[in-house]
Structures are given as structure tokens and as C-alpha cells.
Amino acid sequence: MLNITLKDGKILEVEHGTSIVKIIDRISKKLAKFALVARFNNELVDLNTVLMESGTLEIFDFDSPEGKEAYRHSSAHVMAQAVQNLFPGVKFGIGPAIKDGFYYDFDTEHIFTPDDLEKIEKQIEDILAADYPFVRKELSKEDALQFFRDRNEEYKIELIEALPPGSIISLYSQGDFTDLCKGPHLPSTGKLKAIKLMTLAGAYWRGDESNKMLQRIYGTSFLKKSQLDEYLHRLEEAKKRDHRRLGKELDLFTLEEEGPGFPFFLPKGMVLRNALEEFMREEYRKWEYEEIKTPIILNRSLWEQSGHWDHYKENMYFTQIDDQEYAIKPMNCPGCMIAYKHAQHSYRELPIRYAEMGLVHRHEKSGVLHGLMRVRAFTQDDAHIFMLYSQITDEIKKVIEMIDEIYRVFDFKYNVELSTRPDNAMGEVDIWDKATEDLRQALEELKIPYVINEGDGAFYGPKIDFHLEDSIGRTWQCGTIQLDFQMPEKFDLHFIGEDGMKHRPAMIHRAIFGSVERFIGILIEHYAGAFPVWLAPVQAKILSISENNLDYCARVFQMLKKRGIRVELDVRNEKIGYKIREAQMQKIPYMLVVGDQEMADETVAVRSRATGAQDVMSVDVFVEMIKKDIDQKK
RNA sequence: GCCAACAUAGCUCAGUAGGUAGAGCGUCGCCAUGGUAAGGCGGAGGUCACCAGUUCGAUCCUGGUUGUUGGCUCCA
């Protein structure tokens with residue numbers, strides 16, 4: 001007999017060789033219905049697994065990450081089977097579960113079309129109806145290789161060859177489809193219900209652009225049709241918040257064919273942008289930064305000195321002035337190095353914090369451009385901090401606190417990543433290790449949760465990145481803190497120490513918005529275009545009821561303007577409902593309705609964007625109210 | 001950059017078995033003076049992204065170019 005310990009601590013006694021399914025049947029009928037996979041002695045396993053030893057058992061349903069992953073992973077296998085049935089001879093890449101679904105990569109002469117997706121979905125239905133069991137089989141590495149060689153599955157062969165010799169290789173079959181797979185899977189295809197194929201895409205084999213491009217089909221699956229519908233509905237809703245759409249609707253910015261990746265900011269977008277920059281400048285004062293501005297075009301020799309010429313050339317634009325070659329800056333650091341060197345510095349001055357709203361240009365590949373999120377020209381709210389080595393941890397912590405404080409103003413949730421040494425890195429490995437350790441230590445001391453992103457650092461140093469989410473859950477790097485021991489070396493920076501000798505300062509690059517453009521993109525999606533009053537391009541709009549009220553409206557307009565409120569006046573010959581609808585769609589925080597009544601009482605009828613509630617008050621009271629919103633950044 | 005799809009009025013989109021195009025919104029004009037999410041009527045507005053080719057004739061078919069969208073990160 002075996003002793004099986006359950007999640008609640010209960011111990012079941014079962015016979016040697018009992019399957020997990022049987023055990024679940026004994027635990028509860030309901031559980032039996034919803035169970036998808038299990039964890040036995042810390043290993044995820046199929047429910048069909050037969051237990052040969054005592055241990056702890058945990059059961060997962062669709063609501064658990066483990067269950068959901070297995071569900072989607074099994075969905076991917078079913079999709080692959082459907083593709084195999086419809087397109088014989090197709091070769092298989094990989095097919096994992098991902099955040100909101102799954103994908104599978106295929107290699108076939110046939111080019112999939114959206115019509116094919118429908119056909120594949122029909123085929124999937126049949127496979128679900130047939131309720132094929134998922135059967136696990138374990139082979140030696142040699143036998144597994146033979147199996148896939150017989151089927152000419154070159155990608156599977158490559159995957160198996162990468163495994164250590166002597167490995168036990170598991171295969172999963174359902175019906176006439178067999179795939180190399182670690183598992184676990186659901187008991188049978190009939191457990192799957194609502195599967196939908198979403199999109200087609202190209203994807204390089206193993207994510208390496210020197211490899212062949214395979215055809216990827218993305219799909220998702222849910223326990224019930226209603227959950228799937230809800231998910232699709234959420235996606236539709238999210239699309240309405242897309243910053244590219246709102247940017248157009250609210251006249252914030254535009255992207256034109258004449259400048260792919262070079263956004264135009266329109267008057268309203270510019271107001272928003274200026275409000276953000278003004279806010280950042282207040283923060284500069286508060287956190288003791290000094291602001292500088294360095295040139296956009298600088299001589300090639302500078303970029304050779306900084307290492308950009310060797311490490312970043314493909315991303316840079318160049319130009320000629322007289323007979324000299326110049327580069328358009330892709331980063332602000334080299335200019336800032338020169339600014340630092342302009343004078344001799346004492347240890348007493350450190351840390352020196354130079355901030356710069358720096359416009360940089362980068363040649364991004366055409367296929368990666370995306371609205372304001374990924375552009376070819378953007379403004380970094382950059383800063384470089386020069387300091388003693390003994391000040392490093394404190395300075396990093398200060399920057400982390402500053403970022404956290406600023407993101408809080410917008411009510412952002414963010415993820416933190418620590419990115420380590422990339423392949424094209426400049427400098428010694430042990431210096432990198434030291435820098436990485438400094439960053440890690442600061443995160444640990446502040447108890448900030450983070451994940452490590454191997455090999456994703458900048459070429460001159462490791463970094464802490466702050467990622468924000470867009471409306472459909474894609475994350476974008478915004479804030480960044482990068483520790484750099486290379487630039488001070490390359491530019492021979494120094495300060496005069498207590499001993500009267502020259503010493504090398506340490507340096508941090510940091511940005512908080514990251515890119516003002518990207519940050520605006522995120523903000524638009526975050527607020528769905530309904531900006532808080534302090535950011536709203538138009539904070540209040542005066543709507544006249546009839547021609548009788550024109551003079552009074554103009555007076556109110558002037559009063560508000562004088563008090564610094566961003567106000568617009570709508571005195572067109574339209575009905576009030578029409579004007580309100582328009583102002584509402586422009587997401588203007590306050591509408592001030594003015595008719596005969598208000599004119600007589602010297603008031604305005606304030607309608608709130610959020611609630612639609614009306615409140616009649618004097619202009620002074622309204623100004624006081626809206627000023628309070630602005631001050632509190634509401 | 002690579003794979004696929006898409007590109008028609010300022011915006012959102014319809015359309016043509018190949019015979020140079022339509023709606024709604026917006027804009028402009030006139031009428032209505034209207035009290036909290038669209039009042040009525042009328043007008044203007046298009047080299048159907050660009051360049052070639054096929055054809056008597058191309059917005060439509062073919063090829064190329066440009067741009068846009070989704071993906072190329074999730075590792076059996």
C-alpha cells in the first residue's frame with residue numbers, strides 16, 4: 001500500500017499501481033470533473049500516471065496556472081494533429097502554451113491563409129469529439145531519434161540531439177499524431193472544449209533570424225465557450241484603448257508615410273507632453289538634478305571613443321558636414337560625458353546628477369515600429385549620475401525610489417527586470433559582475449521583486465528595467481537604471497579626491513519615462529484617453545445654450561484662461577446635447593453649460609465627464625475645484 | 001530585416017464577373033434659438049497609396065515599391 005498526502009494534509013491509503021484518476025475519484029466527484037493535471041512529489045504529471053511510491057499529490061484545474069498551461073499545451077497538440085490531417089507532410093517545430101493561449105510552428109510548402117484556420121478549427125472539433133486519449137511513451141534517446149528520422153521530422157531531431165546522452169525521451173500520442181513532448185497533458189482530447197485559432201505569423205526556428213522561417217499559428221482555448229467569448233470581448237474592448245486609435249480620435253499625434261517611426265505631435269498632444277515634461281522638471285529639482293542639453297549631431301570621433309561606433313553602428317544615422325563625418329545621437333551619454341569634462345570636479349561635488357530631455361534617433365528595423373511605443377526618434381528623460389564608488393548603492397536606491405514615486409502618480413503597476421551581460425558587451429567580465437551585483441544588491445535591500453533577464457543588458461553595462469503594460473497586456477520597457485564603468489574609462493573622467501589626486505567616478509544612466517513618446521503611448525492606453533485633469537489637453541469646455549449667452553460665455557472663458565485653466569469655448573449654433581456628446585467623446589473632464597439661468601446668476605452648470613452629474617456653482621468656486629484637481633494630480 | 005495580411009473622401013468603411021465610385025460621421029451653407037450623449041435640408045470633397053505590365057479599357061488582374069497591421073520573447 002502507498003500513502004498519498006493530499007493538499008489539505010489528509011493521507012489516503014491506496015494500492016500500489018493506482019492511477020491518479022482513480023485517486024481523484026475517491027477524493028471528490030467535482031474534482032474528478034475539473035481535474036486536468038497533477039503534481040506528484042514536486043513533478044507535474046498526467047492524471048493517467050500510475051503511482052508506484054508514496055508521496056504528496058496536488059490536483060490542478062483550469063483556474064490554476066499549471067492546469068491552464070496543460071490545457072493550452074494539449075490544445076496545441078490537437079491543433080498540430082488537425083494540421084497533420086489536413087496538410088500531410090507538414091513538419092513540426094515547437095508548440096508551447098503561452099500567456100493567453102498557445103501556438104505551434106509548422107514548416108510546409110503550403111502557405112496558410114485565414115480560410116485554412118477555419119478548416120483547421122473544424123478538424124479540431126472532430127478531434128475533440130473523438131476523445132482520443134493522450135498516451136505517454138518513454139524511449140531512449142536513440143530510439144526517439146530513429147522514430148523521428150523515420151518521419152523526417154528534422155526539427156524534432158534537432159531538439160532531441162541537443163539533449164544529454166542517456167536521456168529518457170517522452171513522446172505523447174493522441175490518435176495517429178505523435179509528438180516529442182515533456183508533458184504533462186490532459187487525459188484525453190475530449191476534455192478540451194472551446195478552442196479558437198487567432199492569427200498567423202512567421203517565426204524563425206528557435207527565434208534565430210539565421211534559421212528558416214516557419215509558419216506559426218496562434219490560438220487560445222478555454223474551458224467554456226462563454227469564457228472564450230468573454231476573452232474575445234475583452235480584446236475588442238482593449239482595442240478601443242489602443243493609443244494609435246485614440247491618438248487619432250483625440251488629435252494628439254500622427255504618423256505619416258513621409259516619416260515612418262517619426263511621430264508628429266499635434267497641439268493637443270503637445271500640451272500633454274509639456275505637462276509631463278514640466279512634471280519631470282519639478283522632480284528634477286526635488287531629487288537634486290541639474291538639467292543640461294547636448295547637441296543632436298556630433299563628430300564621428302566621439303562615437304568611436306564611446307564605443308558606439310563598434311557596438312551600435314547599425315542603429316545609427318550619419319551625416320556629412322563639410323568633409324567630416326558626423327552621427328546623429330542614438331544616446332545622450334557621450335554628450336553628457338563631454339559636459340562633465342568641461343570642468344574639473346572635486347569629490348565634494350559628488351554625486352553630480354545631470355538630467356537631459358534628449359532627442360535621440362535610432363534606426364529600428366521597419367517591421368518593429370509600433371505607434372508611439374517603438375519609434376525611430378524619441379526623447380529620453382535621461383540623466384547621468386557621477387559619483388564615488390562608495391555612493392553607488394545609495395544612488396541606485398534613490399533612483400529606484402524616485403521611479404516608484406513617479407509611477408505611483410499615474411497608478412501604474414510595473415515589473416522589474418535585471419538584465420545581465422550581452423554577447424556584444426564592452427569591457428571585462430569581472431567589472432560586469434561587480435556592476436550587476438551592485439544593482440542586485442540595491443533591489444534586494446529595497447525588497448523589490450524582480451526577474452533576471454540573461455544577456456539583455458546594454459553593451460556598456462547591466463541594467464534594471466521597469467516594464468509597463470499596454471492595453472492588451474504587452475509590456476514595454478520604460479524606466480531603466482544602468483550602471484556603467486565603461487564610459488568614465490573611455491572618456492577618462494575624473495574628480496579630485498581628498499588626497500588631491502585624480503580618481504575615476506562611477507556612473508549611472510537612468511531614465512524614468514524612458515521615452516516620453518512611449519510613456520505617452522502607455523498613458524493613453526492606461527487612461528483610455530480620459531486623462532486626469534492635470535494632463536488633459538483641454539481641462540474644461542464652455543458650452544453655450546443659445547446665442548443670447550455669447551457675451552457671458554466669452555467672459556467666463558476669459559476668466560478661466562486668466563486663471564491658467566486650459567479651456568475651450570463652444571458657441572456654435574448647435575443643441576446642447578450635441579455639444580455635450582462631442583465634448584464627452586473628446587473626454588474633456590469638465591463641461592461648463594451656460595444658458596440664461598447661469599447668465600442671470602453669474603454661475604456655470606458644471607457637468608463631470610466621469611459621472612455626468614451636474615452641479616451649478618460660481619466661476620470662482622469652479623476654479624478652486626479644478627485647481628485642487630490639478631494640484632493633487634487627479 | 002523576415003513571414004503573412006491589408007491600403008477606396010479628413011475619419012470609419014461599403015463597392016465593381018475589368019467600363020474612371022458610394023454611405024455614415026466630419027466639413028461648408030441655409031433653416032431651426034435649442035437645457036445635459038447626434039434637429040432638418042442642401043453643397044463641396046476621390047489620379048481608389050505609388051510605379052510598371054496585361055487589356056480597346058485597370059480602383060479591380062500580374063509584378064515591383066512604399067506604408068500599415070499581427071508576429072518573429074515564451075523552447076519538447
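The chains referred to below are lettered A, B, ... by the order of the sequence lines, with proteins before strands, and numbering in each begins at 1. Not measured: the values here are computed from a predicted model.
For the P atoms, the distance from B:G1 to B:C60 is 25 Å, rounded to whole Å. When the C1' atom is used for both B:C48 and B:U8, the distance is 4 Å, rounded to whole Å. Here the separation of B:U20 from B:U16, taken at their C1' atoms, is 11 Å to the nearest Å. Comparing B:A4 with B:C25, their P atoms are spaced 40 Å from each other, to the whole Å. Nucleotides B:U47 and B:A9 have their P atoms positioned 9 Å apart, rounded to a whole Å. With both ends at atom C1', the span from B:G18 to B:C61 equals 8 Å, rounded to whole Å. The separation of B:A21 from B:G29, taken at their P atoms, amounts to 29 Å, rounded to a whole angstrom. Atom P of B:G39 sits at a distance of 15 Å from the matching atom of B:U33, rounded to the whole Å.
Of the possible donor and acceptor atoms, none in the side chain of A:Asp456 sits under 3.5 Å from a partner among the backbone N and O of A:Asn453.
Look at CG on A:Leu266: it is 13 Å from P on B:C11, rounded to the nearest Å. Atoms CG (A:Asp570) and P (B:A37) sit 15 Å apart, rounded to a whole Å. In this structure, A:Lys365 places its NZ atom 17 Å from P of B:U66, rounding to the nearest Å. Atom CD of A:Gln215 and atom P of B:C3 are 11 Å apart (whole Å). Rounded to whole Å, the distance from CG on A:Leu372 to P on B:U68 is 13 Å. Between the NE2 atom of A:His110 and the P atom of B:A4 there is a distance of 12 Å, rounded to whole Å.
By the side-chain contact (heavy atoms from CB on, under 4.5 Å) test, A:Glu249 is found to be paired with A:Arg245, A:Leu246, residues two or more places apart in sequence or in another chain being considered. A:Gln84 is linked by a side-chain contact (heavy atoms from CB on, under 4.5 Å) to A:Phe92, A:Asp176, A:Phe177, counting only residues two or more places apart in sequence or in another chain. The side-chain contact (heavy atoms from CB on, under 4.5 Å) check on A:His526 picks up A:Asp411, A:Phe412, with sequence neighbours excluded.
Checking A:Thr420 against A:Glu454 by side-chain atom types alone, a donor-acceptor pair falls below 3.5 Å. Side-chain contact of A:Glu417 with A:Ser419: a donor-acceptor pair under 3.5 Å is absent, judged by distance alone. Under 3.5 Å, the side chains of A:Asp105 and A:Tyr155 contain no donor-acceptor pair of N or O atoms. Using modelled atom types and a 3.5 Å distance limit, the side chains of A:Arg206 and A:Tyr204 yield no donor-acceptor pair. A:Ser544 and A:Lys579 share a side-chain donor-acceptor pair at under 3.5 Å.
Comparing A:Glu257 and A:Pro114 along RNA chain B, the residue whose closest nucleotide (by nearest heavy atom) sits nearer the 5' end is A:Pro114. If A:Glu256 and A:Glu209 are placed on RNA chain B by their nearest nucleotide, the residue sitting closer to the 5' end is A:Glu209.
Ring planes of A:Phe622 and A:Tyr590: perpendicular class, angle over 60° (limits at 30 and 60°). Taking the six-membered ring for Trp and thresholds of 30 and 60 degrees, A:His185 and A:His73 have ring planes inclined between 30 and 60 degrees apart.
Among the heavy atoms of the strands lying under 4.0 Å from A:Lys248 are primed sugar atoms or P, OP1, OP2 only; no base atom is included.
Tested against A:Ile588, the residues A:Gln586, A:Gln584, A:Met585 include a single side-chain contact (heavy atoms from CB on, under 4.5 Å) partner, A:Gln586.
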Notebook entry, point to check: Where along nucleotides 31-36 of chain B does protein come under 4.0 Å, by heavy atom, of base (B) or sugar-phosphate alone (S), with - for untouched nucleotides?
Noted result: -BBBBB
Check: With the sugar-phosphate defined as primed atoms, P, OP1 and OP2, and the base as all remaining atoms, what B/S/- string results for nucleotides 69-76 of chain B, 5' to 3', for protein heavy atoms under 4.0 Å?
Finding: SBBBSBBB
Next item on the list: Return one dot-bracket line describing RNA chain B 5' to 3' (Watson-Crick or G-U wobble pairs, both distances under 3.5 Å; ( ) same strand, [ ] crossing, | another strand, . none).
Entry: (((((((..((((.....[..)))).(((((.......))))).....(((((..]....))))))))))))....
